[in-house]
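One structure is given below, encoded as structure tokens.
All ligand and atom numbering here is 1-based and tracks the order in the structure.
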Amino acid sequence: MFEIDRHATQLIDPALPLRSSEDIQGDILAGFRKDHQCLLMIQFEDTGTARQWLRLIVPEIASTRVVAEFNAAFSAARREDSETGPVGMSADWTGLSVTYPGLVLLSDADPFRSAVSCPAALQAFREGAAARARKVGDTGVNGPGNWLFGAGSRPVIHAVLTLASDDPVWLAAAIERHCSVLAAHGATVVSRQDGATLPGPLRGHEHFGFADGVSQPAVQGFHQSDPDDPQNVLGSPGTRILPASRFVIGADQQAQAFPPWAIGGSFQVIRRLAQDVAGWRAQLGPQLEILKKSGAVPDTADDVWLAARMVGRWPSGTPIARCPMSDIPPPPGEKPDNDLSYRDDPDGTQTPLFSHIRKTNPRDDQSFLPEHSPDTPFSGSDPRRIIRRGIPFGPPFDPRSADPIYGADTPRGLLFVCYQADLVEQFEFLQHTWVNNARFPRHATGADPLIGNVNKVSFRPRANGATRSISLSLDQFVRTEGAIYAFTPAISVLYDLAFGNVRHLL
Ligand code: N7H
């Protein structure tokens, strides 16, 4: 594990109490941000052996403090040397989440017995991802019947162990060690999911070729606000600071609706999303042809131009809203621009209303403007934000390579992971009310062409002072292959579960 180094502690601002939390797990607010990750999905044999295993494992769980200190020191070193980056700085992190059946087994009781009423968020956790599949659009080929893990017909998963490292050799050894310790405690690894950042120029990008992990919500008490613009993070205009309780239960207020075991934890969604890169790319040409024939797009527009409209950003991460004509990447060492607004683009003539980033974070879209004071700075998507911690799986697609592992048939995609305080009002709302709602935010927009159940989207170019609507036919090339709803408890709660100290938790 990373040892706190001399300058790291100076980088931690005492005015940001959540940065020094020894209790909140490190992946939630700070983020493991490692090139290699493995998710071990575990089924325990019984309460006794599960608790014994937990006693061994909990001391390894990375807290927010250690991860935040490492990340701050790493970023500082990178700023000092943007050419080579930090040399010799590496860390290995461990995280643990439990599913509802896992919580029942570890607490040996009904985890909701003291909940005054069972809030919808808890109900979704209790039901699990497979039971909620229809609501989030996991139907047809995306349905639980085709899942590799998490479906009712598959073995029950009690816990998910996340192992993350800069070093694939360390990670392989850690996986082996954990598997043998689990086996010695009668537990079964029901599924193992390996993720890794893509190599070479695709580093930091997902399989379709776009920079990922650009826009994340910032968290009060964890991120430093800009003194001149307190609603946003210092150094990252457009990155709004939101109450910590949106992501960590009880972080900055009483959480009476939640039982004590939930305090300091966060609900986690895990989704294995397969990406058919060849199929996704192949649809671009014919659709672009339709647009060109109708004279709706510049002659210079190519497949990447159209793909960028589907995402809302260019492959470098530069937003269409800022740079509509071509991809102008950020200067080396700088993050893509996150200071964007849709307020003056109500019809989506620049950033299409269907584009992935507009569907999942409509920001200040006009549908949210307060009726009587439309000039108030406002983002209607604040309550719906999620913290994303996904990582790609599988090798990149490269049609020029003779090696079949880079071919179209090799499994690849995104191990999507997100954290939030409320599964229903955050992740599920995004999927149900925005991503898959063809009428959101207005007109017959269509579903999100990346992750939604798409067939038609409405492309709305503006020419000669008028907005037209051209219908494009798209297929879905992202498929759900497994899903889990879990809970990432505070480290102290894991200790209590490990020692059977559960009465005060329920
Ligand atoms: Fe998305 N992609 O490669 O195109 N996503 N996403 N996502 N996503 C984003 O800001 C992608 C998925 C969000 O604040 C970018 O990181 C892919 C799910 C949200 O402006 C790119 C998959 C959900 C944002 C991708 C996938 C979301 C976002 C732009 C699946 C939740 C921030 C770069 C295979 C339901 C929006 C960035 C904002 C951004 C891609 C899944 C949500 C490039 C390929 C399941 C909230």
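A search for salt bridge (charged side-chain N to carboxylate O under 4.0 Å, His left out) contacts involving D226 returns nothing, not counting sequence neighbours.
Because its NZ or CZ atom is not both nearer than 6.0 Å to the ring centre of F416 and within 45° of the ring axis, R271 does not count as a cation-pi partner of that residue.
In this structure, F258 and F267 have tilted ring planes: the angle between them lies in the 30° to 60° band.
Of the candidates L414, L340, V311, it is L414 that places a heavy atom closest to atom 22 (C) of ligand 1.
Only the side chain of V478 comes within 4.0 Å of ligand 1, counting heavy atoms alone; its backbone N, CA, C and O stay farther away. Under 4.0 angstrom from ligand 1, there are no non-hydrogen atoms of Q216.
Any N or O atom pair closer than 3.5 Å counts here, and R271 shares no such pair with ligand 1. Polar contact check, Q275 against ligand 1: no nitrogen or oxygen pair lies under 3.5 Å apart. Polar contact with ligand 1: absent for Y342 (N/O pair, distance under 3.5 Å). The shortest N or O to N or O distance between G213 and ligand 1 is below 3.5 Å. Polar contact with ligand 1: present for V214 (N/O pair, distance under 3.5 Å).
The distance from the CG atom of N455 to the CG atom of L474 is 8.5 Å, given to the nearest 0.5 Å. If you take OG1 on T64 and CD1 on I24, they are separated by 5.0 Å, rounding to the nearest 0.5 Å.
Each of E127, Q123, H432, Q431 was compared with R132 under the side chain to side chain donor-acceptor pair (under 3.5 Å) criterion, and only E127 meets it.
Contact analysis leaves G317 out of contact with ligand 1, as no non-hydrogen atom separation drops below 4.0 angstrom. Residue contact annotation: H207 has no non-hydrogen atom under 4.0 Å from ligand 1. Residue contact annotation: A211 has a non-hydrogen atom under 4.0 Å from ligand 1.
In this structure, R281 does not pair ionically with D303, as no charged nitrogen and carboxylate oxygen lie closer than 4.0 Å. Ion pair R240/D382 flagged as a salt bridge, since at least one NZ, NE, NH1 or NH2 atom sits closer than 4.0 Å to an Asp/Glu carboxylate oxygen. By the 4.0 Å N-to-carboxylate-O rule, D339 lies close enough to R322 to be salt-bridged with it.
Here the protein contributes H356 NE2 as N, O or S atoms under 2.8 Å from atom 1 (Fe) of ligand 1.
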